[in-house]
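The residues of the chain are indexed from 1 along the displayed sequence. Order of appearance sets the numbers: ligands from 1, and atoms from 1 within every ligand. Hydrogens, waters and symmetry mates play no part in the numbers below; they use all other heavy atoms, side chains included.
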Amino acid sequence: MLLRRPRRNRKSAVIRELTEETTVHKKDLIFPLFLIEGTNKKVEVGSMPGIYRYSQDTLLAEIESCLELGIKTFDLFPSIPEENKDKVASESYRDGNFYLETIRKVKEQLPEACVMTDIAMDPYSSDGHDGVFENGEILNDETLEVLGKMALAQAQAGADILGPSDMMDGRVEYIRDILDNNKFTNVSIMSYTAKYASAFYGPFRDALDSAPKSGDKKTYQMNPANKREALIEAELDYVEGADFLMVKPALAYLDIISLLHDNFDLPIAAYNISGEYSMVMAAAQNGWIDKEQAMLEVLLSIRRAGAKIILTYFAKDFAKLNLG
Ligand code: PBG
């Protein structure tokens with residue numbers, strides 16, 4: 001006689017739903033969007049099927065259609081023309097640059113949209129690095145000054161959440177101070193807490209033409225071999241005033257999501273990054289896997305690991321399924 005028959009809890013769709021431990025809601029999702037200069041542009045990213053680079057006008061239309069589907073938070077990334085890049089990313093805080101202008105427009109025309117921004121030098125840097133690059137080195141404290149200016153400019157433009165993705169030491173406190181000293185006490189910081197030096201960022205760097213011109217990002221992004229070190233980063237971000245802790249990438253780092261979830265009471269976010277999206281899309285386009293099922297499984301795994309919030313290029317596709 002078998003007293004314990006776990007299959008009883010899987011016998012019908014209704015019972016399976018009743019016993020479901022994890023769910024994905026569209027309200028948990030943040031949709032990253034790429035922005036380019038110009039008007040009436042919508043250019044597909046070659047390595048990210050179904051993902052586009054938008055000019056301001058088409059971006060507004062895209063955000064509006066996502067809002068109708070129930071996606072409410074958008075993480076905006078600019079692709080900066082090469083001639084506007086320099087060693088100190090001065091374009092990033094220049095009043096009137098098209099990124100800041102677009103944030104203003106979105107908040108003006110679609111006030112229900114929650115706008116998240118990215119803080120790091122790479123899209124604006126002629127070296128393609130997240131920090132100030134000199135003699136083969138990334139200078140931490142000099143970079144903080146640039147990040148601070150960028151943060152203030154983004155807050156002034158109306159951003160709701162700032163996302164420092166640069167991995168410099170001390171940046172959360174530095175940015176928090178500048179925000180508070182300028183009366184932006186209500187602007188949130190979602191810190192890229194445990195951001196690993198990953199091969200999976202490849203398609204994103206295509207989208208923004210932001211790959212490092214020399215070297216790699218291993219002196220600032222974390223070593224994929226390390227887990228305990230994520231606790232040090234999380235502790236610092238916590239005491240420095242971060243409102244959310246983020247793990248990035250997500251899929252090869254589900255243990256890190258779980259670790260931060262178990263050790264910190266702040267909401268945990270995970271970035272289901274470009275390479276993770278492109279792998280699913282490439283296999284699906286070849287007919288090797290089912291896109292929809294794979295997408296749902298990926299998102300579920302990230303929620304199950306302990307992330308409340310998922311930044312994902314699948315956000316709109318998920319919302320279209322109207323599952324919750
Ligand atoms: C830049 C930044 C990167 C991503 C978000 N912000 C790339 C990098 O660090 O090289 C990656 C996002 C993705 O791959 O989807 N600081």
Side-chain angles (χ1 to χ4, degrees), residues 29-35 45-53 74-80 85 89 91-92 99 116-133 138 140 143-144 146-147 150-151 154 159 161-168 171-172 175 189-224 233 244 246-253 269-282 295 298-299 302 307 309-316:
L29 305 182
I30 297 178
F31 195 19
L33 289 169
F34 301 124
L35 180 67
V45 179
S47 49
M48 301 180 75
I51 295 298
Y52 299 84
R53 311 200 292 181
F74 305 88
D75 191 4
L76 306 183
F77 294 95
S79 169
I80 304 293
K85 299 183 183 182
E91 178 68 9
S92 65
Y99 182 65
M116 173 166 169
T117 55
D118 195 68
I119 300 182
M121 285 174 55
D122 52 338
Y124 315 91
S125 152
S126 45
D127 297 305
H129 274 288
D130 292 21
V132 177
F133 183 77
I138 302 292
N140 194 87
T143 301
L144 293 184
V146 181
L147 301 178
M150 205 183 299
Q154 293 173 356
I161 305 174
L162 308 185
S165 72
D166 52 284
M167 290 302 279
M168 295 302 119
R171 87 271 211 219
V172 172
I175 291 168
I189 297 179
M190 182 183 290
S191 178
Y192 286 61
T193 296
K195 178 174 180 181
Y196 288 86
S198 171
F200 294 100
Y201 302 142
F204 174 95
R205 294 178 189 169
D206 274 355
L208 298 191
D209 294 316
S210 63
K213 303 272 164 54
S214 63
D216 53 40
K217 299 193 176 186
K218 290 180 183 168
T219 69
Y220 46 108
Q221 298 182 346
M222 283 176 61
N223 181 347
E233 290 288 358
F244 307 83
M246 189 213 290
V247 175
K248 176 186 179 179
L251 289 184
Y253 301 88
Y271 200 140
N272 175 214
I273 60 162
S274 57
E276 298 171 350
Y277 171 85
S278 299
M279 280 196 297
V280 171
M281 294 303 286
M295 165 181 87
V298 160
L299 296 175
I302 299 169
I309 301 157
I310 308 174
L311 295 96
T312 178
Y313 301 95
F314 287 121
K316 191 177 186 188

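- For residues 195-204, no residue pair satisfies the side chain to side chain donor-acceptor pair (under 3.5 Å) rule, not counting sequence neighbours.
- Across all their heavy atoms, P123 and K85 have their closest contact at O-CE, 3.3 Å.
- Which parts of ligand 1 touch A120 is read off a 4.0 Å heavy-atom cut-off, strictly below it: atoms 16 (N).
- Of all atoms in ligand 1, numbered sequentially from 1 with element shown, those under 4.0 Å from a heavy atom of Y271 are 12 (C), 15 (O).
- Contacts of D118 with ligand 1, taken as heavy-atom pairs under 4.0 Å, involve the side chain alone.
- Both the backbone and the side chain of S165 come within 4.0 Å of ligand 1, counting heavy atoms alone.
- Counting atoms of ligand 1 from 1 in the listed order, those under 4.0 Å from a heavy atom of Q221 are 8 (C), 9 (O).
- Here the closest non-hydrogen pair linking M281 and P49 is CE-O, 3.7 Å.
- Summary of contacts: the protein heavy atom closest to atom 1 (C) of ligand 1 is D122 OD2, 2.8 Å.
- Of all the atoms in ligand 1, the ones that sit under 4.0 Å from a non-hydrogen atom of F77 are 5 (C), 6 (N).
- Contacts with ligand 1 closer than 4.0 Å are made by no heavy atom of Y277, backbone or side chain.
- Closest protein heavy atom to atom 14 (O) of ligand 1: S274 OG, 2.7 Å.
- Protein heavy atom at the shortest distance from atom 12 (C) of ligand 1 is F204 CD1, 3.2 Å.
- Of all the heavy atoms in L147 and A120, the pair that sits closest is CD2-CA, 4.0 Å.
- Other residues, nucleotides and ligands place no more than 12 heavy atoms under 6.0 Å from the NZ atom of K218.
- Judged by distance alone, with hydrogens and angles left aside, the side-chain atoms of Y220 form a donor-acceptor pair with the main-chain N or O of D130 at under 3.5 Å.
- Contact annotation: for D130 versus ligand 1, heavy atoms closer than 4.0 Å belong to the side chain alone.
- Nearest heavy-atom pair, P78 versus L208, reported as atom, atom and distance to 0.1 Å: O-CD2, 3.5 Å.
- The number of heavy atoms from other shown groups lying within 6.0 Å of CZ (F200) does not exceed 12.
- Every atom of ligand 1 with a heavy atom of Y313 under 4.0 Å away is listed here by number and element: 12 (C), 13 (C), 15 (O).
- Of the N or O atoms in D166, none lie within a sub-3.5 Å distance of an N or O in ligand 1.
- Among protein heavy atoms, atom 9 (O) of ligand 1 sits closest to K195 NZ, 2.6 Å.
- Under the side-chain contact (heavy atoms from CB on, under 4.5 Å) criterion, S278 pairs with M48, P203, sequence neighbours left out.
- Atoms of ligand 1 found under 4.0 Å from any heavy atom of K248 (numbered from 1 in listed order, with element): 2 (C), 3 (C), 4 (C), 5 (C), 6 (N), 11 (C), 12 (C).
- Here the shortest heavy-atom pairing between G131 and I138 reads CA-CG2, 3.9 Å.
- Atom 8 (C) of ligand 1 has K217 NZ, 3.3 Å as its closest protein atom, hydrogens excluded (heavy atom only).
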